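What follows is one structure encoded as structure tokens, with my remarks underneath.
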Amino acid sequence: MSVSLRTMRKDQKGVVVSVNASGELGRRIRDMGLVPGTEFMVVGRAPLEDPVALRMKGFTLTLRNNEADFIVVQPED
Amino acid sequence: MGKEYFVAVSGQPNCGKSTMFNTLTGATARVGNYPGITVDRTEGRYCTPEFCANLVDLPGTYSLTSYSMEEVVARDVIVDEKPDVVINMLDATSLERSLYLAVQFMEIGVPVVLGLNMMDEVRKKGIRIDSEKLSELMGVPVIECIARRGVGKVELMESVQKVVEKTKGEWTPVNISYGHDLDPAIDEMTALIKENEFMTDRYDPHWLAVKYLEEDEIVMKNGRKAGPLSEQLEEKVRNVSEHIQKTLNTYPEAVLADYRYGFINSILKQGVISREDDLRFDFSDKIDLVLTHKFLGPVIMLLIMYSMFYITFNVGAVPQGWVENAFAWFSSTVGSLLPDGLIKSMVTSGVIDGVGAVMGFTPLILIMFAMLVFLEDLGYMARVSYMVDRVFRSFGLHGMSIMPFIMSGGLPGGCAVPGVMTCRTLRSPKERIATIITAPFMICGAKTTAYLMLVRAFYPDNATTVMFGLVLISWLLALCFGRLLRWTALKGESTPFVMELPPYRIPTLHGVAIHTWDRVWEYVKKAGTVILAISILMWALMTFPQLPAERVAAFETQRVQVAEQSASWSGTVQQKEDKVAKALADISYNEGEAALKHSYAGRLSEAISPVTDVAGFPWQANIAFIGAFAAKEVFVSTMSTAYSLGDEDPEEALSLTEKIAADKAWTTPVIWSVFIFLMVYVPCMVTVAVIARETNWKWAAFSVFGSLAFGYSLSVVIYQVGSLLM
């Protein structure tokens, strides 16, 4: 079942299904390597629960919750 | 000898590119600016007996699209200056993402040498990379490097030489397949471009077609200027877009990116890379469990910042004392050599004291910068932005805005000049400008001295609380004004916070030293030029025109009268002498006040008093505010001049704070009206000059008049409402 990245819990793993952002945001996300098929894990959230930090492809990426809304993921189990 | 190569060094942020650049160029590196913009351009040379390479360090960027200034610059250097070779440094610990930039260079066609950096970390993580295989599959030389130790630098330059000799300036763009939806469209567009020779002098036709599909703003803008074919190309892009939207529910540029990553993955999967677990926790993650922890994170952040300022002021005070003593010695030596008069007054109070006051801050700036550069290179500042982004975003700013705020005096004692320069790290022009305009609200070192003086005078019992309150108010006003700006003049979406948290890495001493020195040197240059001019100007405004001879004579007559009358006074000899001294001091004070009020500065204050009376400023503060536009340090010195003129005997003189405290003009509404105005009213002149350089004169003018209006309105409200309530 595919869900929005926003709903993922800390320490949960998943795979990116699609990135539905266009324009600058979409390009930034893709430039950083967050493309369909990417495996990742939620490693943390900032003190106010936003932004969120992901570990993927050997580095740590952060993005805001309202940006995570554009990313559809398939959580592991 | 004799062969000169032009080599660009590129790479994604935090890949160790600048470390390698510094290792290659050593002491030959010079920092300049790209013409017309503020992105740093570092250049240097690397020479062997056979050839010399002129290296330019491209700004760190994740890709070559045209959203941020760095990306535009990186691409324009490649396209317009046509380097012989691009050395593309990669962080081998995240090879897949790193190759994304390399693939884009290969698409443009520029000869590329790949430097696989951080090979030591790769090995430590148990990852194996077959660099020969990678080289073979990519068709470019691949060199394993450890930039911090200089490993691989000779091999890199040998490859550069080989590549130059082989390619002889020929560029061969690599064409990746973008699938059956896009490839036919690209072919058609390429054919059209070739046929019409549409911008082919600048761009490769195939690459240009791809950029049209990506809807690259700059390429499309140039295209519209270049000719009518652009209309046809854009039409084609629209058709393809619609088709892909309908069939795949996505955009051409997303498809392009997917195929690029597909291309990279197909290479990596042919035995180039083997790794144990992609999502394995590493050392940095463990540190982050503490440093970005929900409760501990912010607490540690505050502790670190507090200790930075503690170190700055306590350690920095020593060298600051040396610099100030040196200038004081210089001032008195020069003063004793020059005859009394205007020249002496100008040289000592105008030139030496003025510049000296500013130069005295150099050690503080050096220490603070060194620590900030260290924290930045360490990777900690990215965590700070991450932690505060949620708060800053609600005020229309960005997590990255916190750096300029801190530098400018978010904890009292910074300086807006480096603070504004730090705004370069912000990507969105709107958030960047909003930060640039509001960062000078912070309580910088110069304002700190003014507040300490005033707070000590009016709130001797609660000095700490009041100072702390002022700092909080400065943050609040900066954030609120930022919010106002982002609702009005700088309306627009917030920039994405898609950012990398780089792994913690201990910075190299060399790197920290270079970055720190660059910024300190800029500060010193300013003190030597802008400040020098301003302090002479201020001195002149407060000195000329001098009191007419008859008024000086009148004060002289008063003195004589006192001497004469004293003979007939009653009392002991001691009492009489005290009384005479007191009377003489009063006369000198009146003369000084008259002289200052007679000067241009005094007249200016008189002229604006109808306006400033509404906000309740005393006349001494009026002049001090005018002077403090030059440099906020001038506020204290002007106040002391205005209150102490005529005091010739320092033993007798009351201290400045006592005098101000005794002055009935300072009621509570006046005090707070002055406090807030001083905080907000205008950035100092050096800051304005820097703002102009970092943005343009329009924004610099806005920062002066916008802040002035904001500060004045606040002060008027405080004074008027306060006076009603009192």
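By convention in this document, chain letters (A, B, ...) are assigned in the order of the sequence lines, proteins followed by strands, and residues within each chain are numbered from 1. Since the model is a prediction, treat every value here as computed from it, not as a measurement. Basis for what follows: all heavy atoms, side chains included, without hydrogens, waters or symmetry-related copies.
Of the atoms belonging to A:N65, not a single heavy atom falls under 4.5 Å from chain B. The part of A:E67 that comes within reach of chain B is its side chain, from C-beta onward, which places non-hydrogen atoms under 4.5 angstrom from that chain. Only the side chain of B:L289 comes within less than 4.5 Å of a heavy atom in chain A; its backbone stays farther off. Only the side chain of B:E71 comes within less than 4.5 Å of a heavy atom of chain A; its backbone N, CA, C and O stay farther away.
Remark: A:V43 engages A:M41, A:A53, A:R55, A:T60, B:F281 in a side chain to side chain contact (heavy atoms under 4.5 Å, CB included) (not counting sequence neighbours). Qualifying side chain to side chain contact (heavy atoms under 4.5 Å, CB included) partners for A:S22, counting only residues two or more places apart in sequence or in other chains: B:Y251. In this structure B:I218 satisfies the side chain to side chain contact (heavy atoms under 4.5 Å, CB included) test together with B:S66, B:V72, B:R75, B:D216, B:N222, sequence neighbours excluded.
Put simply, the side chain of A:D50 does not reach to within 4.5 Å of the side chain of B:D389, judged on heavy atoms. B:T93 places none of its side-chain heavy atoms less than 4.5 Å from the side chain of A:K57. Side-chain contact check for A:P47 versus B:F295: every heavy-atom pair is 4.5 Å or farther apart.
Here B:R390 does not pair with A:E49 in a salt bridge; the nearest charged N to carboxylate O distance is not below 4.0 Å.
At a heavy-atom separation below 4.5 angstrom, chain A is approached by B:A254, B:A257, B:D258, B:Y261 within residues 254-262 of chain B.
Within the cation-pi definition used here (under 6.0 Å to the ring centroid, within 45° of the axis), B:R97 qualifies as a partner of A:F59.
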